[in-house]
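Worksheet: one structure, shown below.
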Amino acid sequence: MINSKYKVGDHVKFFCKYKNEDIIGEIINVRQANLNWDYNIRYQIHIDLSYVQWIEEKYIIEKIKR
């Protein structure tokens with residue numbers, strides 16, 4: 001596994017480009033991008049009961065302590 005800055009279970013504030021606002025969510029999965037030219041880490045974030053989104057590490061603003 002590649003070195004990631006955040007771990008599964010961390011609560012983070014990130015910029016959601018689809019809603020154009022900062023949102024707080026929980027990381028539920030971490031993976032490396034599956035394209036040969038893209039080696040960025042992706043985080044799967046659970047936002048509410050039905051919405052899950054994959055985002056790049058550069059969109060995470062800060063880790064929230066809970």
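As a basis for the values below, the full set of heavy atoms in this structure was taken, side chains included, without hydrogen atoms, waters or symmetry mates.
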Verify same cluster id: V30, V52 (apolar side-chain graph, 4.5 Å): no

W54 vs N29, side chain to side chain contact (heavy atoms under 4.5 Å, CB included): CA-CA, chis, key distance, verdict: CA-CA 9 Å; W54 284 98; N29 197 0; 3.6 Å; yes

Report yes or no: do E57 and Y43 form a side-chain donor-acceptor pair below 3.5 Å? yes

Can you tell me how far apart CZ (R42) and CZ (R31) are? Round to the nearest 0.5 Å. 6.5 Å

Looking only at heavy atoms, what is the nearest atom pair of Y6 and V12, with distance? CD2-CG1, 4.1 Å

Which heavy atom in C16 sits nearest to a heavy atom in Q53, and how many Å separate them? SG-OE1, 3.5 Å

Could you measure the distance from the CD1 atom of I23 to the OH atom of Y18? Nearest 0.5 Å is fine. 11.5 Å

Nearest 0.5 angstrom please: I45 CD1 to Y59 OH, how far? 12.5 Å

How close do I41 and S4 get, heavy atom to heavy atom, and via which atoms? CD1-CA, 3.7 Å

Run D10 and K63 through salt bridge (charged side-chain N to carboxylate O under 4.0 Å, His left out) and show every step you take. CA-CA 7 Å; D10 287 348; K63 181 177 174 181; 3.5 Å; yes

Could you grab the distance from atom CD1 of I27 to atom CD1 of I55, nearest 0.5 Å is fine? 7.0 Å

Which value, rounded to the nearest 0.5 Å, describes the distance between I60 atom CD1 and F15 atom CZ? 14.0 Å

